[in-house]
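What follows is a short report on a single structure.
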Amino acid sequence: MNATIDFDRYDHVRPIRWTGETLALLDQRQLPFAVEYVACRGSDEVAEAIHALTVRGAPAIGIAAAWGVVLGTRAIDAADGAEAARKLEPAMQRLNAARPTAVNLAWALARMRRVLGEAGPDWRDVIEREARAIETEDLAANRHMGALGAGLIAPGSGVLTHCNTGSLATAGFGTALGVIRAGVAAGRIERVFAGETRPWNQGARLTVWELQQDAIDATLIADAAASHLMKTGQVQWVVVGADRICANGDTANKIGTYQLAIAARHHGVKFMVVAPSSTVDMATASGDLIEIEERDPAELLAFRGERTVAEGVRAWNPVFDVTPHDLIDAIVTENGVVERPDAVTMRVAFPA
Ligand code: MRU
């Protein structure tokens with residue numbers, strides 16, 4: 001299907017720019033009304049940007065962390081990579097602690113740590129090349145997954161997506177949104193719906209804006225409208241991303257994904273998870289073992305800093321949930337499609 005997709009036509013947004021001196025991050029807290037990049041000059045600034053959701057989305061935070069390690073090297077001197085790795089370890093730990101659920105963060109840091117440990121006197125060049133490779137490989141994986149995932153969708157279909165899994169959440173093109181880009185480009189997807197994704201509104205603030213930049217027609221729905229949408233027959237697939245895919249196929253993703261999977265199964269709508277292999281965590285046996293990030297209840301109690309709930313009310317704000325593998329019809333990575341994922345099909349696709 002690759003030959004039929006004009007990738008560049010449908011992919012204009014870039015959230016991460018390495019300038020050679022600083023890491024420029026498109027500030028996702030300000031979108032869609034301000035398109036502004038903030039400059040990070042050190043690894044702790046990158047860690048704070050990841051924690052504050054200036055940059056967000058599992059692959060994007062892995063890429064940002066890799067560049068954060070490069071920025072961290074500015075503060076140290078070392079004769080070789082092994083010495084540099086020892087000196088950088090505290091900064092890497094702080095980057096790793098910025099968010100717990102998306103495995104891409106730990107994956108990117110492990111990759112940086114490994115190449116650094118093996119590097120000689122040219123270690124500065126080596127890790128800058130590695131950060132660049134993590135970024136360019138992500139874009140290539142997304143484009144390949146886009147073609148693979150779109151191939152599963154019958155012409156004339158409608159799709160529903162959740163959160164933001166697009167260029168904003170990756171090096172570019174996106175995971176689930178990459179499948180949607182490819183499906184629209186190939187004429188397979190006729191209707192795109194995006195859930196608003198309360199409480200941080202990634203769908204409402206980011207996804208429909210991002211699709212608008214690429215002239216892809218999309219309709220926003222309230223999260224609570226999803227089951228009703230499925231009942232009307234307007235969508236044939238729910239297509240979502242992932243923050244961590246376990247060895248048995250259980251998948252952590254933005255809060256609300258699990259209830260979409262339940263509703264999809266009830267209505268005979270298919271459910272697709274799209275993520276690069278850097279999101280697959282074969283060391284975690286099942287979803288019960290994933291740490292679910294809980295964020296400040298203020299995200300629920302206020303909107304853009306303005307309180308919307310009576311004073312004194314308590315809130316609980318888990319920001320991810322786990323979809324059990326038996327509710328997933330297909331997991332798409334750049335390695336291929338795993339249909340009906342379970343411990344056996346995952347082991348075949350991702351051998352040790
Ligand atoms: O809290 P966020 O906005 O970082 O959560 C993002 C998601 O849950 C995405 O679906 C996931 O990271 C995949 S992004 C390609």
Side-chain angles (χ1 to χ4, degrees), residues 11 13-16 25-29 31 49-65 98-108 134-135 138-139 141-143 145-146 149 160-181 194-207 209-210 223 238-245 251-261 271-281 287 290-296 299-300 317-323 328 331-334:
D11 188 21
V13 175
R14 287 291 176 271
I16 299 171
L25 298 174
L26 178 53
D27 191 344
Q28 303 197 25
R29 299 165 304 175
L31 287 171
I50 291 170
H51 180 70
L53 308 184
T54 308
V55 60
R56 45 139 304 279
I61 64 179
I63 295 161
R99 293 193 77 187
T101 304
V103 75
N104 306 62
L105 180 56
W107 170 88
I134 287 173
E135 187 167 340
D138 186 64
L139 180 58
N142 291 340
R143 290 178 167 185
M145 292 188 295
L160 170 64
T161 191
H162 190 57
C163 195
N164 173 269
T165 63
S167 301
L168 285 169
T170 63
F173 203 66
T175 59
L177 225 51
V179 167
I180 291 172
R181 281 191 163 87
E196 60 181 348
T197 319
R198 284 279 294 146
W200 213 70
N201 286 305
Q202 286 92 332
R205 292 193 308 103
L206 307 178
T207 296
W209 173 81
E210 183 183 320
D223 296 322
V238 174
V239 188
V240 297
D243 286 81
R244 192 181 292 248
I245 301 172
T251 294
N253 192 49
K254 179 53 53 190
I255 193 78
T257 304
Y258 177 29
Q259 65 193 16
L260 290 179
F271 193 89
M272 186 192 307
V273 172
V274 190
S277 57
S278 54
T279 307
V280 175
D281 176 10
I290 298 175
E291 182 184 350
I292 298 293
E293 179 181 3
E294 293 187 15
R295 292 185 68 86
D296 189 344
E299 290 180 353
L300 271 171
N317 188 22
V319 298
F320 297 99
D321 58 26
V322 174
T323 300
I328 299 171
I331 292 178
V332 178
T333 75
E334 77 278 19

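First listed ligand is number 1; within each ligand, the first listed atom is number 1. Start at 1 with the first residue, then count along the sequence.
- Between the N142 side chain and the D138 main chain, a donor and an acceptor come within less than 3.5 Å of each other.
- In this structure, T165 contributes its side chain and L177 its backbone to a donor-acceptor pair below 3.5 Å.
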Start with the C-alpha gap between E196 and R198, add the side-chain angles, then the distance that decides, and say whether salt bridge (charged side-chain N to carboxylate O under 4.0 Å, His left out) holds.
CA-CA 6 Å; E196 60 181 348; R198 284 279 294 146; 5.4 Å; no
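- Put simply, the side chain of Q28 gets close to the backbone of L168: a donor and an acceptor are under 3.5 Å apart.
- Residues of the protein with a heavy atom under 4.0 Å from ligand 1 are R56, G57, A58, P59, R99, C163, N164, T165, A169, T170, T175, Q202, A242, D243, N253, K254, F320, listed by chain and number.
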So R99 and D243, salt bridge (charged side-chain N to carboxylate O under 4.0 Å, His left out) or not? Walk me through it.
CA-CA 11 Å; R99 293 193 77 187; D243 286 81; 6.0 Å; no
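- The neighbour count for Y258 OH, taken as heavy atoms of other residues, nucleotides or ligands under 6.0 Å away, does not exceed 12.
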